[in-house]
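Working notes, structure below.
Labels below follow one simple rule: chain letters A, B, ... track the order of the sequence lines, proteins then strands, and each chain is numbered from 1.
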2 protein chains.
Amino acid sequence: MANALIRRLEAYVRLSADDRKALLLAAGEGIRTFDARRDLMREGDEPRVVNLILSGWACRYKTLPDGRRQIVALFVPGDLCDPHIYILKRMDHNVGAITPVTAAQVGRDSFERLISERPRIVQALWWHELVVTAIQREWTLNIGQRTAYERMAHLMVEMFLRLQTVGMAEGNSIEWPLTQLDLADATGLTPVHVNRTLQAMRRDGLIELAGRRLTILDMAALKSTAMFNPEYLHLEHEGAHLDANE
Amino acid sequence: MANALIRRLEAYVRLSADDRKALLLAAGEGIRTFDARRDLMREGDEPRVVNLILSGWACRYKTLPDGRRQIVALFVPGDLCDPHIYILKRMDHNVGAITPVTAAQVGRDSFERLISERPRIVQALWWHELVVTAIQREWTLNIGQRTAYERMAHLMVEMFLRLQTVGMAEGNSIEWPLTQLDLADATGLTPVHVNRTLQAMRRDGLIELAGRRLTILDMAALKSTAMFNPEYLHLEHEGAHLDANE
DNA sequence: CGATGCCTTGAGACTGTTCAAATTAGGTGG
DNA sequence: CCACCTAATTTGAACAGTCTCAAGGCATCG
């Protein structure tokens, strides 16, 4: 079940058998399931656990007092919500399930045991954290500078690649559980405008989107209209010098 | 010179004399100065050092192939650009000086020595990293959901509070080296519209902005139009249980 | 005192919004 | 398996916020 995390971390560094075992052990405790649209953590809560998404899609979101809502990040299997989050006294945002979600909730103690015993995992977690932050920056750029059309194209390419690294792309298509309202909240657009932009993307032959499945018909064109530069995902195998030699 | 960092980390946890000494030592090596508008690090570079801003303002920014530019973060004295950045193979963004900047560039080795010997500093750095990420999330919300007027109000309150925690606010005013073009790039607006929005804010008696100095005339009103919730800055003294007992 | 960068102004155009309603799809219970 | 209920998508038309382009004014610094 936690294979996605291992697969994800191994985008950075190959882990030893012991590392993998320790990860699986930590992820094995405290597995919880959440219905779609339920919150895993809520703003104001004291964070006590580190969430690891095992299956389903989740999101981080923030709201304004008048109800405006921004999805600031998406989580797919293998994503770790926030290593060390328990350092903070209160959550400054919410984590919500988009689909039904199963998550491993690792308590502070076992998390700290894990990192105190497995230095290679510490490195991998830092890498993970840096990548998550880099994605957040790219979203800021995305919302700040790209047009609606480019913005949605960018999000689609990103999610496709991220799912691909955990083995969840099937050819040129992925599961796409986001409603148009979710998409609107993630891109800072209106649901109505999202709808119209999707229609334009279909008309242009870039994508097919129906029945909670996204098929990318022309990846080259999609990437180029999105001005997609994959560097920020840091997907190449960067920590080769740290590889476990098993 | 590195007092701002200590002051900033001590927003989280009180450090021991030894901790402080170790920080000052690390920050003392490799001090460099940069002219305004120069880059400290550039996209594509291999990151070798951790930058600590000692004086001046800097920013992180990303650009699109056609020249559009987004400032995704601002740095003021006491900010650490990216602990552990050297884990990544290449920079996915630029760090540029807004004003003349002096920065301590801590090499990988001395950085790792610092954190291997001083566990309380490790905690403090994780806190720092979590706060930086939280700010990035708030910027995503800011650009995605707030109007131009609200957005600029929010940025002003944030920078005021951040400067205040490092002792660089003077009453209700701060240095404000951002040109309207910088402001536009940071908020995802047009320079023209920034100009008009500033005029509206002045007309409404919220601020005074002239000669690179921002004075907040009505903090309560500014906060409320910005829907400012300071939680994301995690400014309260959170790590009390970790305090050095000296 | 001239040059350069920054700020300001105007008018018109466009992207994305608002509001409201109709249509379709998906899930559930009978 | 159909009927229903609700959630999600789609459409239209008017509107608003922000942008574009272009020009003029001001300030600071050598």
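Side-chain contact between B:Asn229 and A:Glu43 is present, with heavy atoms from C-beta onward closer than 4.5 Å. Under the 4.5 Å side-chain criterion, counting only non-hydrogen atoms from C-beta, B:Leu141 is not in contact with B:His154. Annotation: side chain of B:Glu129 is in contact with side chain of A:Leu130 (closest heavy-atom distance under 4.5 Å).
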Report summary line: Once base and sugar-phosphate atoms are separated, protein heavy atoms under 4.0 Å mark nucleotides 23-30 of chain D, 5' to 3', with B, S and - as --------

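Counting only distance, with no hydrogens or angles, the side chain of B:Gln70 and the backbone of B:Ala186 share a donor-acceptor pair below 3.5 Å. Side-chain atoms of B:Arg162 come within 3.5 Å of backbone N or O of B:Leu74 as a donor-acceptor pair. B:Arg146 places a side-chain N or O within donor-acceptor distance of the main-chain N or O of B:Ala226, the cut-off being under 3.5 Å. Proximity of a side-chain donor or acceptor of A:Thr179 to a complementary backbone N or O of A:Leu181 within less than 3.5 Å is detected.
Closest approach of B:Tyr86 and B:Val50 over heavy atoms only: CE2-CG2, 4.0 Å. Taking every heavy atom of both residues into account, B:Thr187 and B:Arg151 meet most closely at O-NH1, 2.6 Å.
Straight-line distance from the CH2 atom of A:Trp176 to the P atom of D:dT9: 12 Å, rounded to whole Å. Rounded to an integer number of Å, the gap from CD of A:Gln199 to C1' of D:dT11 is 8 Å. Look at CG on B:Leu183: it is 13 Å from P on D:dC19, rounded to the nearest Å.
A donor-acceptor contact under 3.5 angstrom links the side chains of A:Trp139 and A:Glu158, judged on distance only. Side chain to side chain, A:Glu138 and A:Asn142 fail the donor-acceptor criterion of an N or O pair below 3.5 Å.
Of the residues in residues 140-153 of chain A, A:Thr147, A:Ala148 come within less than 4.0 Å of DNA chain C through at least one heavy atom, sorted by number. Less than 4.0 Å separates DNA chain C from at least one heavy atom of each of the following residues of residues 191-198 of chain A: A:Val192, A:His193, A:Arg196.
Residue B:Arg68 is classed as having no contact, given no heavy-atom separation below 4.0 Å to the nucleic acid. Among the atoms of the strands shown, only primed sugar atoms or phosphate atoms (P, OP1, OP2) are found under 4.0 Å from some heavy atom of B:Thr179. Counting any heavy atom pair closer than 4.0 Å across all strands shown, B:Arg212 reaches sugar-phosphate atoms only and no base atom.
For the salt bridge (Lys or Arg N to Asp or Glu O under 4.0 Å) test, residues two or more places apart in sequence or in another chain that qualify with A:Arg37 are A:Asp182.
We find that A:Arg42 and A:Asp45 are not joined by a salt bridge, their nearest charged nitrogen and carboxylate oxygen being 4.0 Å or further apart. Under a 4.0 Å N-O distance rule, the pair B:Glu231/A:Lys62 does not qualify as a salt bridge.
From one end of the helix from C:dT8-D:dA23 to C:dG30-D:dC1 to the other, with five pairs defining each end axis, the axis direction shifts by 50° (rounded to 10°).
Taking every nucleotide of DNA chain C with any atom under 4.0 Å from a non-hydrogen atom of chain B, the first and last of them, 5' to 3', are C:dC6 to C:dA11.
Classification of the A:Trp57-A:Trp176 ring pair by plane angle, with boundaries at 30° and 60°, yields perpendicular.
Rounded to the nearest 0.5 angstrom, B:Glu150 CD and B:Thr197 OG1 are separated by 11.0 Å.
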